[in-house]
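Below, all heavy atoms of this structure are taken into account, side chains as well, without hydrogens, waters or symmetry copies. Index from 1, following the sequence.
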Amino acid sequence: MQAFTVVDSLLIPFDRANVDTDAIIPKQFLKTIERQGLGKFLFFDWRYRNGDLLDPNPDFVLNDPQLQGAQVLLAQQNFGCGSSREHAPWALADYGIRAVIAPSFADIFANNCVQNGILLISLEQAQIDALFAATQRTPLRVHIDLAAQELRSDDGQHYAFTIAPGAKHKLLHGLDDIQMTLAHAAAIRDYEAQRQREMPWLFREVHHG
């Protein structure tokens with residue numbers, strides 16, 4: 001998983017509330033278990049006209065030529081609600097989104113994002129409104145420093161944000177739960193060896209005849 005330290009990017013102003021995971025990645029794209037290749041389907045029903053990848057909707061923000069390559073999404077409350085599909089953060093990450101800023105996020109979606117290297121920043125509604133207002137004037141660049149837990153924008157806005165220590169550690173070091181467990185592989189092996197010495201009967205093969 002790609003570590004998150006510092007990101008400098010233009011903001012993608014996505015001014016919608018209650019965006020569910022089916023809108024982020026529609027159900028017809030859930031057949032794969034591969035994390036790559038889903039970025040082109042991100043926000044599929046809004047991003048393309050008539051379901052045609054060759055017919056992008058010019059009014060949808062991801063199709064704004066000025067915002068191509070932007071890595072930070074600005075959204076409204078309850079982002080990522082709906083089903084628990086992990087394909088939603090897979091699609092965001094594959095598109096190139098490193099952080100999402102919103103007033104609130106659905107719990108399961110938030111956990112899935114941490115497992116996939118996406119930082120979620122929750123700010124007060126007034127702060128979100130100020131960022132949206134700034135994007136109406138001109139494309140707005142932001143600087144996010146996870147270690148310092150601060151967000152700064154080119155127009156002078158400066159916000160501190162909170163994050164759970166465990167999530168911060170995972171993001172800073174690029175670790176998901178499996179990688180966190182594997183970091184203790186030597187201790188796990190020592191424990192299993194000790195168990196086998198102390199309780200060998202647990203490890204004997206049982207023969208049925």
Side-chain angles (χ1 to χ4, degrees), residues 1-21 23-24 39 42-43 46-47 60-81 86 88-176:
M1 189 172 81
Q2 185 179 2
F4 190 112
T5 53
V6 172
V7 166
D8 284 281
S9 171
L10 292 175
L11 271 183
I12 303 170
F14 186 50
D15 196 2
R16 297 185 190 225
N18 303 309
V19 174
D20 64 29
T21 52
I24 297 172
L42 180 65
F43 301 122
W46 293 326
R47 191 171 162 195
F60 188 64
V61 66
L62 258 61
N63 297 325
D64 185 338
Q66 296 184 87
L67 298 179
Q68 298 310 296
Q71 298 177 295
V72 181
L73 189 70
L74 177 65
Q76 292 289 2
Q77 67 268 15
N78 200 28
F79 188 85
C81 58
E86 194 171 4
W90 289 357
L92 287 163
D94 191 60
Y95 178 83
I97 299 297
R98 300 303 319 282
V100 183
I101 306 167
S104 60
F105 301 91
D107 289 343
I108 296 176
F109 172 79
N111 181 66
N112 286 339
C113 281
V114 172
Q115 301 301 326
N116 288 278
I118 300 172
L119 172 65
L120 301 185
I121 298 176
S122 180
L123 297 179
E124 298 293 331
Q125 186 65 57
Q127 298 169 328
I128 295 291
D129 292 342
L131 289 169
F132 269 113
T135 65
Q136 297 300 310
R137 295 188 290 269
T138 184
L140 182 66
R141 182 169 292 276
V142 294
H143 173 90
I144 300 172
D145 186 331
L146 177 54
Q149 293 180 212
E150 64 178 18
L151 179 152
R152 290 183 281 106
S153 61
D154 279 357
D155 68 341
Q157 299 181 66
H158 183 191
Y159 302 120
F161 60 87
T162 60
I163 183 172
K168 181 177 181 178
H169 177 81
K170 288 178 181 178
L171 289 167
L172 282 173
H173 298 280
L175 301 172
D176 61 18

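Taking each heavy atom of Gly80 and Ala106 in turn, the nearest pair found is O-CB, 3.2 Å. The two residues Gln2 and Arg98 come nearest to each other via the heavy atoms NE2-NH1, 3.3 Å. Considering all non-hydrogen atoms of both residues, Asn112 and Asn116 come closest at O-ND2, 2.7 Å. Across every non-hydrogen atom of Pro89 and Ile118, the tightest pair is O-CD1, 3.5 Å. Summarising the geometry of Asp129 relative to Gln76, their closest heavy-atom pair is OD1-NE2, 4.3 Å, with the distance given to 0.1 Å. For the residue pair Ala88 and Thr21, the shortest heavy atom distance occurs at CB-CG2, 3.9 Å.
Atom-to-atom distance recorded for Ser9:OG and Ile97:CD1 is 7.5 Å, nearest 0.5 angstrom. Summarising the geometry, atom CD1 belonging to Ile144 is positioned 10.5 Å from atom OG belonging to Ser153; distances are rounded to the nearest 0.5 Å. Note that CD1 of Ile12 and CG of Leu74 are 10.0 Å apart. Values are rounded to the nearest 0.5 Å. To the nearest 0.5 Å, atom CZ of residue Phe161 and atom CG of residue Leu146 are 5.5 Å apart. How far CG of Leu119 is from CG of Leu151: 9.0 Å, rounded to the nearest 0.5 Å. If you take NZ on Lys168 and OG1 on Thr162, they are separated by 10.5 Å, rounding to the nearest 0.5 Å.
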* Given the rule in the side chain to side chain contact (heavy atoms under 4.5 Å, CB included) test, do Ile163 and Leu171 qualify, once you have shown the distances and angles that lead to the verdict? -> CA-CA 11 Å; Ile163 183 172; Leu171 289 167; 3.9 Å; yes
* Asked: Would Phe79 and Leu120 satisfy side chain to side chain contact (heavy atoms under 4.5 Å, CB included), going step by step from the backbone distance to the final call?
  -> CA-CA 10 Å; Phe79 188 85; Leu120 301 185; 5.9 Å; no
* Determine, stepwise, if the pair Val19 / Trp46 fulfils side chain to side chain contact (heavy atoms under 4.5 Å, CB included). => CA-CA 12 Å; Val19 174; Trp46 293 326; 4.1 Å; yes
* To do: Apply ring-ring contact (aromatic ring centres under 6.0 Å, His included) to Phe14 and Phe43, showing your working.
  => CA-CA 11 Å; Phe14 186 50; Phe43 301 122; 4.7 Å; yes
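At least one side-chain heavy atom of Leu123 sits under 4.5 Å from a side-chain heavy atom of Leu131. With contacts defined as side-chain heavy-atom distances shorter than 4.5 Å, the pair Gln115/Lys170 qualifies. The shortest side-chain heavy-atom distance between Val100 and Ile121 does not fall under the 4.5 Å cut-off. Counting heavy atoms from C-beta outward, Pro13 and Leu140 have side chains that stay 4.5 Å or more apart.
Of the residues Gln71, His143, Arg152, Arg141, the one that meets the side-chain hydrogen bond (donor to acceptor under 3.5 Å, both in side chains) test with Asp8 is His143.
Not one N or O on the side chain of Asn78 forms a donor-acceptor pair closer than 3.5 Å with the backbone of Asn18. The closest donor-acceptor contact from the side chain of Gln68 to the backbone of Asp64 lies under 3.5 Å.
The environment of CG in Leu67 is crowded: more than 12 heavy-atom neighbours from other residues, nucleotides or ligands sit within 6.0 Å.
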